[in-house]
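Reading through the structure tokens given below for one structure.
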Amino acid sequence: MSFFQYKALKGMQDILPPDIYLWQKVETAAREVFSLYGFQEIRPPVVESTNVFTRSIGENTDIVEKEMYTFTDKGDRSISLRPEGTASVVRCYVEKNLHTLPSPQKFYYAGPMFRYERPQSGRFRQFYQIGVEAFGDAGPRIDAEVISMLRHCLLRIGLKDITFNVNSIGCPECRPAYREKLTEFFAGGLDSLCPDCNRRQHTNPLRILDCKVDRCVDMRKGAPRVTDYLCNGCRTHFNGLLSFLELLGISCTVNPDMVRGLDYYTRTTFEVTSENLGAQNAVAAGGRYDRLVDEFGGPETPAIGFAMGMERIIELLRNSASHDFPAPDVFIAVIGDLAAREGLVIADRLRGKGFWVELGDVGNSLKSQMRRADRLSSKYVFIIGDDELNSGRLKWKKLSDSSQGEVSMFEITDFLLKQSS
Ligand code: ATP
Ligand code: MG
């Protein structure tokens, strides 16, 4: 008889122990650092009406053109799994009238995102982001604070060798003129561009600057630079940001090619890369989106945010150092049914006091129970057999240095507390 082999979908991963401890470490660090800057968590749904994303991310972006998981639900509505977080947060901000609360409003979210991309190293179809959004502050100071928060967060996680890139991609006032210059520049060399960029030349020429295909990289050498076309407002904002970053001692590379793949950005964009990743080397990215709340029907509200890619951060962390994973405080080995009952009671009591306790299986030999205690890297092993039940004293062994001794059944909690203090 043949069985169907169940498999996770392509590009979707199970996250298992011990890796999960690295995930939790990153999540905890992010929560701690974000709270120092007054960012609070929100949890929007992972599915939204498709137009929440098409409208904001832009019709002519890779995400909307080819990467969205879009379905028709049983009520004949077009719904999509979220490919990123900002659109949902903005939808929520407007729908729940959060703009009526005192400004600025600062939020973070964490969870899975879905993009139908070609799976490869650092690129998955379900991947996790932790992101932040700050609403209601137009000045460059908040841009600098958000970038500084990202930096503190990545340092707290333990990442080294990271580079900050910043750029300004202008606003609806100055970008059209730049866009025109760019279209003109590329018009002469359409044959040399990849088919995607050939199309982008009309629909979204800024995206050509972001293309990874070699001939497009060659072709764009000498292209007009967005930073040369900023209007006065955008230039002042960008210079303000650069001076704040300098004040905070954050070294950043100004990279005029960094345009980002989403249409909603205005002015500041930034990206953090690591030289210790392969081709997919961006660990976090973000920017300002001063028009988006307005486009969702809310009042004009300046805003800025970023998202960190969890998988790439975990990859860096996994390779950067050895990690201590949590282990049981106590393993109780039991010999005989009465001892097994006593072991269960002691374990329950200790767990009530906050200790991680694992119980041996009475059906297994003492030797095999000890092997399991060792495999789990338990700190202490207690052994209970007939002698121990009679005397009320348990043998203990500390696995790290093989020291051993005895302790009264009634003093185990004190014994453990004393050892860990
Ligand atoms: P990339 O250029 O790597 O495709 P992007 O511009 O599409 O990135 P954003 O939408 O800005 O990425 O997402 C922010 C971060 O989320 C990225 O810097 C990256 O770390 C992570 N990320 C994006 N797409 C994926 C994916 N398919 N798999 C894993 N991580 C991803
Ligand atoms: Mg992408």
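Atoms within a ligand are numbered from 1 in the order they appear, just like the ligands themselves.
Of the N or O atoms in Ala285, none lie within a sub-3.5 Å distance of an N or O in ligand 1. Considering backbone and side-chain atoms alike, Phe124 places an N or O below 3.5 Å from some N or O of ligand 1. Geometrically, ligand 1 and Arg312 share a nitrogen or oxygen pair separated by less than 3.5 Å.
The two residues Ile57 and Pro83 have their closest heavy-atom pair at CD1-CG, 3.8 Å.
Contact annotation: for Asp62 versus ligand 1, there are no heavy atoms closer than 4.0 Å. Only the side chain of Gln129 comes within 4.0 Å of ligand 1, judged by heavy-atom distances. Residue contacts with ligand 1 for Arg115 involve side-chain atoms from C-beta outward but no N, CA, C or O (heavy atoms, distance under 4.0 Å).
Salt-bridge check for Arg200 with Asp62: passed, with a basic side-chain N closer than 4.0 Å to an acidic carboxylate O. We find that Glu315 and Arg318 are joined by a salt bridge, their nearest charged nitrogen and carboxylate oxygen being less than 4.0 Å apart. Contact check on Arg351 versus Asp348 returns no salt bridge, with no Lys/Arg side-chain nitrogen under 4.0 Å from an Asp/Glu carboxylate oxygen. Salt bridge Glu48/Arg91: present, at least one basic N to carboxylate O contact under 4.0 Å. Ionic pairing of Glu65 and Arg199 is present here: one or more N-O contacts between side-chain nitrogen and carboxylate oxygen are shorter than 4.0 angstrom.
The distance from ligand 1 to the heavy atoms of Val283 drops below 4.0 Å at these ligand atoms: 18 (O), 20 (O). If you number the atoms of ligand 1 from 1 as listed, the ones under 4.0 Å from a heavy atom of Gly122 come out as 28 (N), 29 (C), 30 (N).
A donor-acceptor distance shorter than 3.5 angstrom exists from the side chain of Asn167 to the backbone of Met258, with no hydrogens or angles considered.
Closest heavy-atom approach to atom 4 (O) of ligand 1 among the candidates Glu117, Glu315, Arg123, Arg118: Arg123.
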